[in-house]
Amino acid sequence: MTTYLNLKSELNMNSNRSARSVPCDSRKSHRGFTLIELLVVIAIIAILAGMLLPALSKAKSKTQGIFCMNNTKQLALAWIMYAGDHDDTLALNQNLNPKETGRTGSWVNGWLDWTDWADNTNVQYLLDPKYSTFAKYFSNTKNVYKCPADIYLSRIQRAKGWTERVRSVSMNFWMGDGNPAGSKDWGSTVYKKMSDMKRNAPVNAWVFVDEQPDSINDGAMYVDPAANQWFPSDL
């Protein structure tokens with residue numbers, strides 16, 4: 001009888017020890033990350049981010065390029081439609097400083113520079129038919145004149161709280177008469193009508209281009225065809 005009681009008591013003690021050890025094992029199975037493990041995870045995330053960011057940057061640049069090409073396509077369609085609506089005559093392409101002359105009626109109006117001159121932000125020169133002959137083709141779509149990659153502003157303009165200038169696109173100087181009429185007759189060919197393209201195949205001509213922010217001013221991108229080397233006055 002004594003032996004039986006001693007055996008039962010020993011079994012109970014072992015059972016109690018096992019029960020007491022369960023919470024300890026449970027705590028061990030639910031422990032948190034160590035510092036080294038966290039650092040490893042952070043390092044992996046940093047490596048993956050470093051691999052993805054260049055790809056994302058290239059994708060953004062490609063998207064901007066597609067957007068800009070679509071803008072010039074839309075402008076070219078408006079240019080063709082204007083000629084169709086005006087007896088084959090190409091739109092006037094401003095070649096004088098409207099800041100000084102006050103002349104309007106070009107495909108686009110305004111003089112852009114690095115000062116706080118109001119033309120830099122005046123969307124009326126893009127959207128009001130009084131100033132822009134293309135306005136009726138684009139309604140309120142002002143972004144067609146602007147490449148999203150052009151985010152450049154001068155210190156003066158940033159100080160005034162500006163976020164952008166209104167235009168980055170210009171038209172080939174030799175496409176369209178000047179303002180006033182005949183002001184581009186300098187001995188070089190000026191394409192004043194769509195039918196003038198017989199002098200030069202359309203595939204060899206260009207109309208719209210994104211102009212370098214430092215040289216953009218009026219709507220005409222001037223290139224001197226008589227120069228010994230192809231070096232534009234506008235960039």
I'd like to know whether Trp107 forms a side chain to side chain contact (heavy atoms under 4.5 Å, CB included) with Ser132, so could you lay out the CA-CA distance, the side-chain angles of the two residues, the decisive distance to 0.1 Å, and finally the verdict. CA-CA 5 Å; Trp107 72 277; Ser132 170; 5.7 Å; no

Go through the side-chain N and O atoms of [X] and [Y] and say whether any donor and acceptor fall under 3.5 Å apart.
X	Y	answer
Thr115	Asp113	yes
Asn93	Asp177	no
Trp117	Asp119	yes
Glu211	Ser170	yes

Report the residues that fulfil salt bridge (Lys or Arg N to Asp or Glu O under 4.0 Å) with Asp185, sequence neighbours left out, ordered by chain and then residue number. Lys192

[X]: side chain to side chain contact (heavy atoms under 4.5 Å, CB included) partners, not counting sequence neighbours:
X	result
Ser195	Asp88, Lys193
Ile80	Met194
Ala149	Gln64, Cys147

Atom of [X], atom of [Y] and distance for their closest heavy-atom approach:
X	Y	value
Leu75	Tyr145	CD2-CE2, 4.0 Å
Gly110	Arg167	O-NH2, 3.8 Å
Lys184	Trp174	O-CZ3, 4.0 Å
Gly219	Val108	CA-CG1, 4.0 Å
Leu112	Val166	CD1-CG2, 4.5 Å

With side chain to side chain contact (heavy atoms under 4.5 Å, CB included) as the test, would you mind laying out the steps for Phe173 and Met221 before giving the verdict? CA-CA 5 Å; Phe173 179 89; Met221 171 78 174; 5.8 Å; no

With Arg165 as the cation and Trp114 as the aromatic partner, state whether NZ or CZ is under 6.0 Å from the six-membered ring centre and within 45° of the axis. yes

Nonpolar side-chain network containing Leu153, other nodes, edges under 4.5 Å: Trp162

Please, which pairs that meet side-chain hydrogen bond (donor to acceptor under 3.5 Å, both in side chains) have at least one residue in residues 69-86, sequence neighbours excluded? Asp85-Tyr137

Is it the case that one hydrophobic cluster holds both Leu127 and Tyr131, taking links as side-chain heavy atoms less than 4.5 Å apart, direct or via other members? no

